[in-house]
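Presented below is the structure to which this report refers.
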There are 2 protein chains.
Amino acid sequence: MLSMRAKYALKALIYLAKVRDQGPVLIGDIAASQKLPRKFLEQILLELKNLRVLKSRQGKSGGYLLAKEPAEIEMGQIVRVFNGPLALVPCVSVTAFEKCAECLDFDHCGVRRVMKKVRDITAEILDGTTLEAMVNIEASESDEASMMYFI
Amino acid sequence: MLSMRAKYALKALIYLAKVRDQGPVLIGDIAASQKLPRKFLEQILLELKNLRVLKSRQGKSGGYLLAKEPAEIEMGQIVRVFNGPLALVPCVSVTAFEKCAECLDFDHCGVRRVMKKVRDITAEILDGTTLEAMVNIEASESDEASMMYFI
DNA sequence: ACCATAACCTATTAATCCTATATGCTAAAT
DNA sequence: ATTTAGCATATAGGATTAATAGGTTATGGT
């Protein structure tokens, strides 16, 4: 399962993309409108800022805004940072590769081969879906229509 | 990431499928040959027995063996039992569906729609890969060849 | 210059989960 | 009867997660 941090990060980003022409948005506004715990969200937004995905202004009329075009922000990046590697086993991870301690035959391991398939397809979907696509998906009516936004 | 329990369960099952014509296999033999922690594996095998995936004999010349044909045992079932739902968000899970507490618009939620796609493809792969296929995958030389065993 | 505001940053908590081991019990074969 | 090997449960230690608290720093308005 995705961590709350990862899910909240995605929700906050989608919201910020939607209201992107309205200047800086308060943490409190994001939290209230998306029903996310305010202080917890604060940490997440800070991390997104350090990632250079968001930028911020302090003090009066401050708040957060996107630091990039929505089309340049990939779901895969956010999930990896906030939830860890996409891979289900370390030996199939691109970003955190590690051989299993109990590994007997790396090349022929069936678990590894199947999990690699799962990871590759997951990466294809998540890296191929940008924040821009997410906004479009939310605007569309049917799940079928939303499929068009995938690579 | 997959839990150790799930990974060990899969490895033990593949091993048992390979030596299936040799009668009951000792926990200690499975543990030693697959380099898995013996007592931890014991719990896992017991759970597999209660699932009716394995059967066992106690006492002298006892051990574990498959309770079904390898072609009838799906990877998806094992992963779900030992690792939890395949879904990355509860609102997209078939076996443990739950609406997110912070959900504002279920039908249009972009996170949900994308994660549903990921879940569906993951389920297609894991439910479409049987223990029999896993044994064949381990016997094959190239990763390309192993793709043939997927649905 | 001052003050209100809002983001920044760090520490801490409670709860849960994960991996693994320990211990005693029960069933079966010889 | 004895030995073997699985059955069952308890428990420990560690790691991770979700969330809150509290003080600090920057900034715009007056």
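In the text below, chain A, chain B and the rest are named by the order of the sequence lines, each starting its count at 1. These numbers come from the heavy atoms of this one structure, side chains and all, not from hydrogens, waters or symmetry mates.
Which of D/dC7, C/dT19, C/dA29 sits closest to the side chain of B/L46 comes down to D/dC7. Taking only side-chain atoms of B/K49, from C-beta outward, the nucleotide of D/dG28, D/dC7, D/dA26 with the closest atom is D/dC7. Of the listed nucleotides (D/dT4, D/dA8, C/dA7), D/dA8 has the atom at the smallest distance from the side chain of B/N50.
Rounded to whole angstrom, the span from the CD atom of B/Q58 across to the P atom of D/dA8 amounts to 8 Å. The distance from atom CG of B/L65 to atom P of C/dA28 is 14 Å, rounded to the nearest whole Å. Straight-line distance from the CG atom of A/L26 to the P atom of C/dA6: 5 Å, rounded to whole Å. Going from atom NZ of B/K55 over to atom P of C/dA28 covers 15 Å, rounded to whole Å. Note: CZ (A/F82) to P (D/dT17) measures 13 Å, nearest angstrom. Atoms CG (B/L54) and C1' (D/dG6) sit 12 Å apart, rounded to a whole Å. Between the CE atom of A/M4 and the P atom of C/dT16 there is a distance of 14 Å, given to the nearest Å. Here C/dT16 presents its P atom at 20 Å from CZ of A/R5, a figure rounded to the nearest Å.
In this structure, A/T129 contributes its side chain and A/L126 its backbone to no donor-acceptor pair below 3.5 Å. Here the side chain of A/R113 pairs a donor or acceptor atom with the backbone of A/D107 at under 3.5 angstrom. A side-chain donor-acceptor contact under 3.5 Å links A/E138 to the backbone of B/G110. The closest donor-acceptor contact from the side chain of B/R5 to the backbone of B/N83 lies at 3.5 Å or more, if one exists at all.
Toward the 5' end of DNA chain D, the nearer of the two residues A/R57 and B/V25, judged by each one's closest nucleotide, is B/V25.
DNA chain D lies under 4.0 Å from at least one heavy atom of each of the following residues of residues 33-44 of chain A: A/P37, A/K39, A/F40, A/Q43.
The cluster map of Ile, Leu, Val, Met, Phe, Trp and Tyr, joined by side-chain heavy atoms under 4.5 Å apart, puts B/L45 and B/L65 in different clusters.
Separation of atoms CZ (B/R20) and CD (B/E132) is listed at 8.5 Å; rounding is to 0.5 Å.
In this structure, B/Y8 does not reach the C/dT19 phosphate: none of its side-chain N or O atoms is under 4.0 Å from OP1 or OP2. B/Y64 has no side-chain polar atom (N or O) that falls below the 4.0 Å cut-off from OP1 or OP2 of D/dA5. Side-chain nitrogen and oxygen atoms of B/S56 include at least one within less than 4.0 Å of the OP1 or OP2 phosphate oxygen of D/dC7.
In summary, B/D29 and B/R38 do not engage in a salt bridge, as defined by a charged side-chain N under 4.0 Å from a carboxylate O.
A/G28 comes within contact range of no nucleotide atom at all, as no heavy-atom separation falls under 4.0 Å. In this structure, A/I27 reaches the sugar-phosphate backbone alone: every heavy-atom distance under 4.0 Å involves primed, P, OP1 or OP2 atoms, never a base.
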